[in-house]
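So you know, we letter chains A, B, ... as the sequences are listed, proteins then strands, and number each from 1.
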Protein chains: 2
Amino acid sequence: MATKPKFTAQHEQIARIAKALSHPARVYILEKLNGLQTCCTSGEMIGDIPIARSTLSQHLKELKYSGLIQGDIEPPKIKYCINRKNWKIAKMILNDFMK
Amino acid sequence: MATKPKFTAQHEQIARIAKALSHPARVYILEKLNGLQTCCTSGEMIGDIPIARSTLSQHLKELKYSGLIQGDIEPPKIKYCINRKNWKIAKMILNDFMK
DNA sequence: AAAACATTTCGTAATTTTGCGAAACATAAA
DNA sequence: TTTATGTTTCGCAAAATTACGAAATGTTTT
């Protein structure tokens, strides 16, 4: 019996991770938070990229939703950091896929 | 003088590669062509995924445009293969980014 | 020349993404 | 309590993505 095929959960997971990395602003954010080993406020990021504050905020929200970053509130600022656990998982999944 | 920042070429390159991987149909195609070490026609792929032939064709076109795959015409079929050179480059760039 | 085959292109629609400025929110300082 | 600071949410618009079926393309077989 020919059942209707679906995308596999694995393919969807890889696609979701890739999507998080699919915009230069998000690549910049992730690189800054991961590469420089620091947490960082949106105010410290906005000077480096050609988008409005509200747009940056949207990208941060998306990355938070993806689980790759997290935001720690330190009034009146919000310090964004890499979520090390999920970053490691994403790294393994992508590296394995690109083998 | 405060000049308007731009996204860097590197950030844009990473984003472009990630975008190619950001849809489950394209993940499936790349996995099939790379993982199974074979070339493959669109007719051989269509049975495995829940999209129309014309939509699959669009995704193939996008992957061709990204440089990650290539299509060799063998009338009346078209055999799609991984572009090993570009795949290797993409792999290095992504792995380095995810370090 | 007609029919069959494999695939793409076209036209179009629905949805998602990206972007901005204005307004709102929350906290701290004056 | 007003003002200042840092950031997000809202409302909206423009652009890009995803999707489909129908028609077109190019090739081989009959």
Within-4.5 Å side-chain heavy-atom neighbours: [X] and [Y]:
X	Y	value
B:His11	A:Ile49	no
B:Arg84	B:Asn34	yes
B:Met45	B:Leu60	yes
A:His59	A:Thr55	yes
A:Leu33	A:Cys40	yes

N or O in side chain of [X] less than 4.0 angstrom from [N] OP1/OP2:
X	N	result
B:His59	D:dT17	no
A:Thr55	C:dG19	no
A:Ser42	D:dT7	yes
A:Lys19	C:dT17	yes
A:Thr41	D:dT7	yes

Near DNA chain C, counting only heavy atoms under 4.0 Å, which residues of residues 9-16 of chain B show up?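 Heavy-atom contacts with DNA chain C come from no residue of residues 9-16 of chain B; none.
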Within residues 23-31 of chain A: residues closer than 4.0 Å to DNA chain C (heavy atoms):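 Under 4.0 Å from DNA chain C: A:His23, A:Arg26.
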Could you check how far [atom1] of [X] sits from [atom2] of [N], rounded to whole Å?
X	N	atom1	atom2	value
B:Ile69	C:dT7	CD1	P	13 Å
B:Asp72	C:dA6	CG	C1'	16 Å
A:Gln58	D:dT9	CD	P	10 Å
A:Lys64	D:dT7	NZ	P	12 Å
A:Lys61	D:dT9	NZ	C1'	7 Å
A:Lys77	D:dA4	NZ	C1'	13 Å
A:Met45	D:dG6	CE	P	14 Å
B:Ile78	D:dG26	CD1	C1'	9 Å

Looking only at non-hydrogen atoms, find the nearest pair between B:Pro5 and A:Gly47 and report the distance.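 The pair with the smallest heavy-atom distance is CG-O, 3.5 Å.
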Side-chain heavy atoms under 4.5 angstrom apart, residues restricted to Ile, Leu, Val, Met, Phe, Trp, Tyr: same cluster for B:Ile73 and B:Tyr65?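 As far as the 4.5 Å side-chain criterion goes, B:Tyr65 and B:Ile73 are not connected within one cluster.
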Would you call the rings of A:Trp87 and B:Phe97 parallel, tilted or perpendicular, taking 30° and 60° as the class edges?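 Taking B:Phe97 first and then A:Trp87, their aromatic rings stand perpendicular (interplane angle over 60°).
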Parallel, tilted or perpendicular: which one describes the rings of B:Phe7 and A:His23, with boundaries at 30° and 60°?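 Perpendicular.
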Nearest listed nucleotide, side chain of B:Arg53, among C:dT7, D:dT7, C:dG19: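 The answer is C:dT7, which lies nearest to the side chain.
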Heavy atoms from C-beta onward define the side chain here; which of C:dT7, C:dG21, C:dG19 lies closest to that of A:Ser54?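 Selected nucleotide: C:dG21.
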Look at all strands and tell whether B:Ile51 reaches a base, only sugar-phosphate, or nothing, counting heavy atoms closer than 4.0 Å.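 Sugar-phosphate only.
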Under 4.0 Å between any heavy atoms, over every strand shown, what does B:Glu62 touch: base, sugar-phosphate, or nothing? Just pick one.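 Touches sugar-phosphate only.
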Of A:Leu56 and A:Ile73, whose closest DNA chain C nucleotide lies nearer the 5' terminus?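 Comparing both residues, the 5'-ward one is A:Leu56.
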Hey, what do you get for B:Cys81 versus B:Cys39: SG atoms under 2.5 Å apart or not?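 Correct, these two cysteines form a disulfide.
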